[in-house]
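Each ligand, and each atom within it, is numbered from 1 in the order the structure gives. The structure displayed is predicted, hence computed values, not measured ones. The analysis underlying the following values was restricted to heavy atoms, covering all of them including side chains, and did not include hydrogens, waters or symmetry mates.
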Amino acid sequence: MQNFLDINQIEQRQLRSILDDASRTKAARAGLPKGTMDVEQPLAGQMVALIFEKPSTRTRVSFDLGVRQMGGQTTVLSGSEMQLGHGETIADTARVLSRYVDLIMIRTFEEATLLEMAEYASVPVINGLTNRTHPCQIMADIMTYEEHRGPIRGKRVVWTGDGNNVCASFIHAASQFGFDFVFSGPATLDPEPTFVAEARAKGAQIEIVRDVAQAVRSADLLVTDTWISMHDSQTARERRHNQLRPYQVDDALMAMAKPDALFMHCLPAHRNEEVTSSVMDGPHSVVFDEAENRLHAQKAIMRWCLAQ
Ligand code: CP
Ligand code: NVA
């Protein structure tokens, strides 16, 4: 039994084997209607709980569909409707769910909830986003980059905007997959120093460059995300927008990256805030391939967790 909690906690060769497996099963079902089962049914007879304390489109649909394609069944739970949201402890919830299901995927506000769930569950737990990280997203993003441009090792990935949970998982991935990572945003929204220090200690090249035009120079991949995440308070909305506006990805910024640079965004995007529609819908953008690859990457993550 293996949890999938964060990219920095899994051995490099395991991460690589998950992505290889994802590509293999993606290719194996090419052209099949979406609701068709996979040729192999590794989750036959298995039940998966998908718990959401926050909204979701991609994570919810891709995990649900992925389990079904592999022959398993799902129960989708909203945190507020569970007893968990009304006083039952996380530990007791974990113990109870472990009697009913074979795997738990959870999207939480607090990382502590995920960690406690993993501690007390006797079945594997997958991180479907917390306030601090979003590892499934970055597995899909690396898969997407490599499908379009080959190995990500040695490439320059530039993140503009808020140093948030998605950014943190990119920093984890930099040391594990061997790419250089540049953060460009206001100092008040820097990624957590512990993430940066740990990646550097593992040998990753992590730069912080305030001047966004300088940061994107020779970027192979330009990434951004919403300026206000689901765990952020809305009260500072205007101040954050003012701070982050210089880091918007528009055509002029995209043109400063390498000519064959890709643009990524985990979605949901706020068009014409962190990224213009012209970049989202332009020739560099692979945002919908990322969304599709959530399905394939997560199916491989679930098989890895269940050793299937
Ligand atoms: N990118 C992502 O996790 O999207 P959802 O919030 O729609 O799941
Ligand atoms: N940073 C965003 C990602 C959403 C998928 C959030 O946490 O809201």
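When only non-hydrogen protein atoms are considered, atom 7 (O) of ligand 2 lies nearest to N165 ND2, 2.8 Å. In this structure, the protein non-hydrogen atom closest to atom 8 (O) of ligand 2 is M230 N, 2.8 Å. For atom 2 (C) of ligand 1, the nearest protein heavy atom (residue, atom name, distance) is R294 NH1, 3.2 Å. Looking from atom 6 (O) of ligand 1 to the surrounding protein, the closest heavy atom is R107 NH1, 2.8 Å. Atom 4 (O) of ligand 1 has R58 NE, 2.8 Å as its closest protein atom, hydrogens excluded (heavy atom only).
Interface atoms of ligand 1 facing C266, defined by a heavy-atom separation under 4.0 Å, are 1 (N). Close approach of ligand 1 to T57 (heavy-atom distance below 4.0 Å) involves ligand atoms 5 (P), 7 (O), 8 (O). Those atoms of ligand 2 that come under 4.0 Å of a heavy atom in L129, given as number and element, are 3 (C), 4 (C), 5 (C), 7 (O). Atoms of ligand 2 lying under 4.0 Å from any heavy atom of D225, numbered from 1 in the order shown and given with element: 1 (N), 2 (C), 3 (C).
Taking the charged nitrogens against the carboxylate oxygens, E53 and R107 have no contact shorter than 4.0 Å, which rules out a salt bridge. A salt bridge links D64 with R68; the closest basic N to acidic carboxylate O contact falls under 4.0 Å. A salt bridge is absent between R237 and D232; no separation between the charged side-chain nitrogens and carboxylate oxygens falls under 4.0 Å. Salt bridge present: R29 and D38 bring a charged side-chain N and a carboxylate O closer than 4.0 Å. Under a 4.0 Å N-O distance rule, the pair R294/E290 does not qualify as a salt bridge. Ion pair D281/R271 flagged as a salt bridge, since at least one NZ, NE, NH1 or NH2 atom sits closer than 4.0 Å to an Asp/Glu carboxylate oxygen.
Here's the thing with S56: one of its N/O atoms is less than 3.5 angstrom from an N/O atom of ligand 1. In terms of polar-atom proximity, defined here as any N/O pair under 3.5 Å, K54 makes no such contact with ligand 2. The shortest N/O to N/O separation between T226 and ligand 2 does not fall below 3.5 Å.
Contacts of K54 with ligand 1, taken as heavy-atom pairs under 4.0 Å, are absent altogether. Under 4.0 angstrom from ligand 1, the non-hydrogen atoms of L267 all belong to its backbone. With a 4.0 Å heavy-atom cut-off, ligand 2 is reached by the backbone of L267 but not by any atom from C-beta on.
D220 pairs with exactly one of R156, R149, R153, K258 by the salt bridge (Lys or Arg N to Asp or Glu O under 4.0 Å) rule, that one being K258. Among the candidates L129, I90, T130, I51, the single residue satisfying the side chain to side chain contact (heavy atoms under 4.5 Å, CB included) test with T108 is T130.
Atoms CG and CG, on L5 and N3 in that order, are 4.5 Å from each other to the nearest 0.5 Å.
For the 3.5 Å distance criterion, the side chains of H172 and Q9 fail to qualify, holding no donor opposite an acceptor.
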